[in-house]
Amino acid sequence: MLTRNFTLEEFTRSDTAKSMGDPNAPEESHMRALHALACGMEQVRRVLGDRPISITSGYRNPAVNAKVGGVPNSAHALGYAADFSVKDMSPVEVAKALEASPLAFDQLIYEASRKINHISFDPRMRREVKTQKGGPGTPVVWGIAED
């Protein structure tokens with residue numbers, strides 16, 4: 001367990017890695033970032049009333065990150081980011097609740113087309129809130145845009 005509610009396996013599970021036969025194992029240098037990510041996700045849980053969270057994407061080693069088209073310095077590749085969904089809440093409800101909270105984070109991106117949220121806890125903690133209406137590689141706009 002990285003924290004009370006999150007395991008390392010949740011943050012390293014990847015269908016892409018599985019299809020590649022890659023264990024997607026983080027290097028020791030990423031473990032501190034993954035622990036900070038898990039701690040951040042514990043705070044997300046608290047803000048959202050302790051609802052269960054499903055991690056859909058977390059850490060991506062260099063091979064997996066390249067396969068999904070990620071940039072080498074992606075927050076996922078560094079161990080700082082997770083894509084997630086929350087039981088009994090729509091992604092836009094989650095994004096709005098986190099935006100309205102005092103939670104410290106680097107980026108929160110409501111990914112409308114994928115119906116998930118992306119959050120990162122990079123040490124820069126810029127508290128950027130954005131929406132990406134299309135799939136990967138499409139424009140990202142500031143704020144939570146429902147349509």
Side-chain angles (χ1 to χ4, degrees), residues 2-20 22 24 26 30-147:
L2 287 173
T3 61
R4 179 175 172 219
N5 293 292
F6 295 100
T7 65
L8 177 61
E9 291 74 24
E10 287 177 276
F11 292 103
T12 59
R13 181 177 39 238
S14 164
D15 290 340
T16 301
K18 189 174 185 179
S19 73
M20 296 169 60
D22 187 317
N24 195 38
H30 296 114
M31 291 306 296
R32 179 168 286 159
L34 285 164
H35 184 261
L37 174 59
C39 289
M41 294 307 295
E42 291 287 355
Q43 293 176 48
V44 168
R45 267 184 71 107
R46 279 194 289 284
V47 166
L48 302 175
D50 274 333
R51 287 182 173 88
I53 293 176
S54 294
I55 307 298
T56 58
S57 179
Y59 172 75
R60 299 179 193 145
N61 73 27
V64 173
N65 193 54
K67 181 75 172 177
V68 300
V71 295
N73 63 344
S74 143
H76 284 282
L78 299 173
Y80 292 124
D83 298 340
F84 67 101
S85 61
V86 179
K87 184 173 176 65
D88 298 327
M89 289 184 79
S90 74
V92 75
E93 288 173 322
V94 169
K96 286 180 176 182
L98 294 175
E99 179 182 35
S101 79
L103 179 65
F105 55 81
D106 185 48
Q107 286 189 321
L108 170 65
I109 303 173
Y110 163 51
E111 296 187 26
S113 68
R114 295 177 56 214
K115 300 200 180 338
I116 60 159
N117 285 292
H118 162 102
I119 196 164
S120 65
F121 294 93
D122 180 299
R124 293 177 285 183
M125 297 297 199
R126 298 171 288 181
R127 207 165 198 289
E128 295 179 348
V129 177
K130 301 177 181 181
T131 297
Q132 184 176 36
K133 290 185 180 183
T138 62
V140 177
V141 298
W142 288 96
I144 304 299
E146 293 184 61
D147 279 325

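Between Asp83 and Arg114 the shortest side-chain heavy-atom distance falls below 4.5 Å. Asp122 has its side chain out of reach of Gln107: every pair of non-hydrogen atoms, C-beta onward, lies at least 4.5 Å apart. No side-chain heavy atom of Leu103 sits less than 4.5 Å from a side-chain heavy atom of Arg46. Counting heavy atoms from C-beta on, the side chains of Met41 and Asn5 never come closer than 4.5 Å. Using a 4.5 Å heavy-atom cutoff, the side chains of Leu78 and Ser120 are not in contact.
Distance CD/Gln43 to CZ/Phe121: 6.5 Å, rounded to 0.5 Å. Atoms CG and CG, from Asn61 and Asn24 in turn, are 4.5 Å apart once rounded to the nearest 0.5 Å. Here CD1 of Ile53 is found 8.0 Å from CD of Glu42. Values are rounded to the nearest 0.5 Å. Distance check: Ile119 CD1 to Ile55 CD1 gives 10.0 Å after rounding to the nearest 0.5 Å. Rounded to the nearest 0.5 Å, atoms CZ (Arg127) and CG (Leu108) are 8.5 Å apart. Here the CZ-OH distance, from Arg124 to Tyr80, works out to 9.0 Å after rounding to the nearest 0.5 Å.
The closest donor-acceptor contact from the side chain of Ser113 to the backbone of Gly134 lies under 3.5 Å. Panel note: side chain Asp106, backbone Glu128; no donor-acceptor pair is recorded below 3.5 Å. Although no hydrogens or angles enter the test, the distance criterion places a donor-acceptor pair under 3.5 Å between the side chain of Asn117 and the main chain of Pro91.
Considering all non-hydrogen atoms of both residues, Tyr110 and Ala145 come closest at CE2-O, 3.7 Å. When all heavy atoms are compared, the tightest approach of Ile144 to Thr131 is CA-OG1, 3.2 Å. Annotation for Met89 and Ala97: closest pair CE-CB, 4.5 Å, computed over non-hydrogen atoms. The shortest non-hydrogen separation linking Ser74 to Arg60 is OG-NH1, 4.4 Å. Among all heavy-atom pairs drawn from Ser101 and Val47, the shortest one is CB-CG1, 3.7 Å. Smallest separation of non-hydrogen atoms from Gly135 and Thr138: O-OG1, 2.6 Å.
Residues forming a side chain to side chain contact (heavy atoms under 4.5 Å, CB included) with Ser54 (at least two apart in sequence, or on another chain): Ser85. Listed by chain and number, the residues in a salt bridge (charged side-chain N to carboxylate O under 4.0 Å, His left out) with Lys67 amount to none (sequence neighbours excluded).
Put simply, the residue from Lys130, Gln132, His76 that forms a side-chain hydrogen bond (donor to acceptor under 3.5 Å, both in side chains) with His118 is His76. Exactly one residue among Phe84, Phe6, Tyr59 makes a ring-ring contact (aromatic ring centres under 6.0 Å, His included) with Phe11. That residue is Phe6.
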